[in-house]
There are 2 protein chains.
Amino acid sequence: MLHPLHFVISERLRDRILSGTYQPGDQIPSEHQVMAEFEVSRITARRAIANLAQQGLVTVQRGKGAFVATQQKVVYSLSSPLLSEAEMARQGVEVTVENLQYESVTMPAEVQKILGGAIAYLQKKILLFNGIPSCVDVTYVQPDLGKVYARELRRALTFSVLEKHGISIQKVDAVIECTQADYETSEQLEVPLGHPLIVNRHTAYSQERGAIVHGESISRGDRFCYSVRIERGGSRE
Amino acid sequence: MLHPLHFVISERLRDRILSGTYQPGDQIPSEHQVMAEFEVSRITARRAIANLAQQGLVTVQRGKGAFVATQQKVVYSLSSPLLSEAEMARQGVEVTVENLQYESVTMPAEVQKILGGAIAYLQKKILLFNGIPSCVDVTYVQPDLGKVYARELRRALTFSVLEKHGISIQKVDAVIECTQADYETSEQLEVPLGHPLIVNRHTAYSQERGAIVHGESISRGDRFCYSVRIERGGSRE
DNA sequence: GAATTAAGCTTGTTATAACAAGCTGAAAGT
DNA sequence: ACTTTCAGCTTGTTATAACAAGCTTAATTC
């Protein structure tokens, strides 16, 4: 036997998904239907379906079944964040903010090195796209800004609030990576343990003040991605 | 019972990893040791270990055991790809290229829209970081460039080769997203089905010629990430 | 000393079994 | 008509069992 049964079955079901037999939102055969169709035990059927879930092709809901996942993602432009927020609205994505934590704290050493000083405002928000938790945003903001704009920052996107008040973001340094959901983020984003996440760790600078915001946005990898345009000027970068 | 046994056990083992009891490279308890320690069946022990693997905390090898994974990632700068290649060398990362496919093909319609014309060179390479398959690179190159620099493109990084021959990349449009390995990429990158991947879908433009390269780099999410610096000039972008 | 084999350990696959927990729609009750 | 209950369906957890396949080291053979 070249391949395990569970793999053969999951590739068969995968082919049906890719060929359009099952469309996004459609239910795929239940465990018992897979057992009957392929004449295997339940544990083999479950593993085949789990393989599909693992590849992001289906999402499984207890009591309901497994459904073909949409592959559509919201695109957020790092090059023009404010325009990107308007673009998301144009894509039919309504962003709402749920505040988890907002307080003045002593920064960890690595953050102090970036923002300077010892104290900053720590904000933790969940961003919901069309009511679905999709992003956990954890950032430190300079204390004076964090204090003055507290009310607005608790319920809107950080860059929008700052820009609205004339604090213009002149530069952003970002690192984009993939991680997997631990228990905490799996609960916050309502995804399974280990679900792929795309993380944007960033520091934003204004012209007059230097570094003003530092932190990370942790988004569902299945719902979100980043675009960026890199241009080189006349001189070598 | 608030949480399943498998979850309780995996959180206990996770804490040991995070607290440093087990360091990267160390072996965690085997399935039978977990069975004995926590007095559970083998399937529960396996599931606990699988939860850790799912979170990227351990990697499991048949016949050997489960080992704490390193969390170190290679950082590749989108803002200065050539400098980034030198930086990788400085980080002790030797990049070698394994050519999978290199041929003149008729482009799919969407690629034609970007590169123009009907024919391009399709290159598929595996990039190995220190001998370990870490990235699958699939790109279309303008046909005249693909033909003239075939020998070099087969065994080096695309941008390096072009730059070396005076084809200067003036702009790059990129989309960064997370996906999960299907069978093909899991085989190419030697990772499990569903392993998180970071994908960079890009189009590179030169000043004189417009779009010259289009395609995607699919890298292991556990080994690779992107950095980018976004600056706004005097005018609003 | 080098090569081969075997024992012991490790993970991988598959089966049967039973109970738990959530979802949905129809039937029963108010 | 609205609310509650129940049956049937679905996935989730855990156990026992057995065999397969890979890894490593020690013992045996050449």
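Letters go in sequence order (proteins before strands), and every chain restarts at 1.
Summarising the geometry, the separation between CD on A:Glu31 and P on C:dT14 is reported as 16 Å, rounded to the nearest angstrom. Summarising the geometry, the separation between CE on A:Met35 and P on C:dA17 is reported as 10 Å, rounded to the nearest angstrom. To the nearest angstrom, C1' of D:dT14 lies 14 Å from CG of B:Asn51. Atom CZ of A:Phe7 and atom P of C:dT14 are 12 Å apart (whole Å). The NE2-P distance, from A:His6 to D:dA20, rounds to 16 Å in whole Å. Distance A:Ile49 CD1 to D:dT11 C1': 9 Å, rounded to the nearest Å. When rounded to the nearest whole Å, the span between CD of B:Gln27 and C1' of C:dT11 equals 11 Å. Rounded to an integer number of Å, the gap from A:Leu5 CG to C:dG12 P is 17 Å.
A heavy-atom distance below 4.5 Å is not found between the side chains of A:Cys178 and A:Pro196. Side-chain contact check for A:Val58 versus A:Leu13: every heavy-atom pair is 4.5 Å or farther apart. Contact check for A:Val138 versus A:Leu122: side-chain heavy atoms found under the 4.5 Å cut-off. Inter-residue side-chain proximity for B:Leu78 and B:Val172 is flagged as unmet; no heavy-atom pair is nearer than 4.5 Å.
Using cut-offs of 30° and 60° for the angle between ring planes, the B:Tyr183 and A:Phe7 rings count as tilted. Ring geometry, A:Tyr76 versus A:Tyr226: the interplanar angle exceeds 60°, so the pair is classed perpendicular (tilted spans 30 to 60°).
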Polar atom pairs (N or O), protein with nucleotides 22-27 of chain D, under 3.5 Å:
unit_1 : atom_1 : unit_2  : atom_2 : d
D:dG22 : N2     : B:Gly63 : O      : 3.2

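In this structure, a donor-acceptor pair under 3.5 Å is present between the side chains of B:Thr203 and B:His214.
For A:Phe224 and A:Phe129, the ring centers sit closer than 6.0 Å to each other.
Using a 4.0 Å cutoff on non-hydrogen atoms, the parts of residues 39-47 of chain B near DNA chain D are B:Val40, B:Ser41, B:Arg42, B:Ile43, B:Thr44, B:Arg47, ordered by number.
Of the side-chain N and O atoms in A:His32, none sit less than 4.0 angstrom from OP1 or OP2 of D:dC9.
Among the candidates A:Tyr121, A:Tyr149, A:Tyr140, the single residue satisfying the ring pair (Phe, Tyr, Trp, His ring centres under 6.0 Å) test with A:Tyr102 is A:Tyr121.
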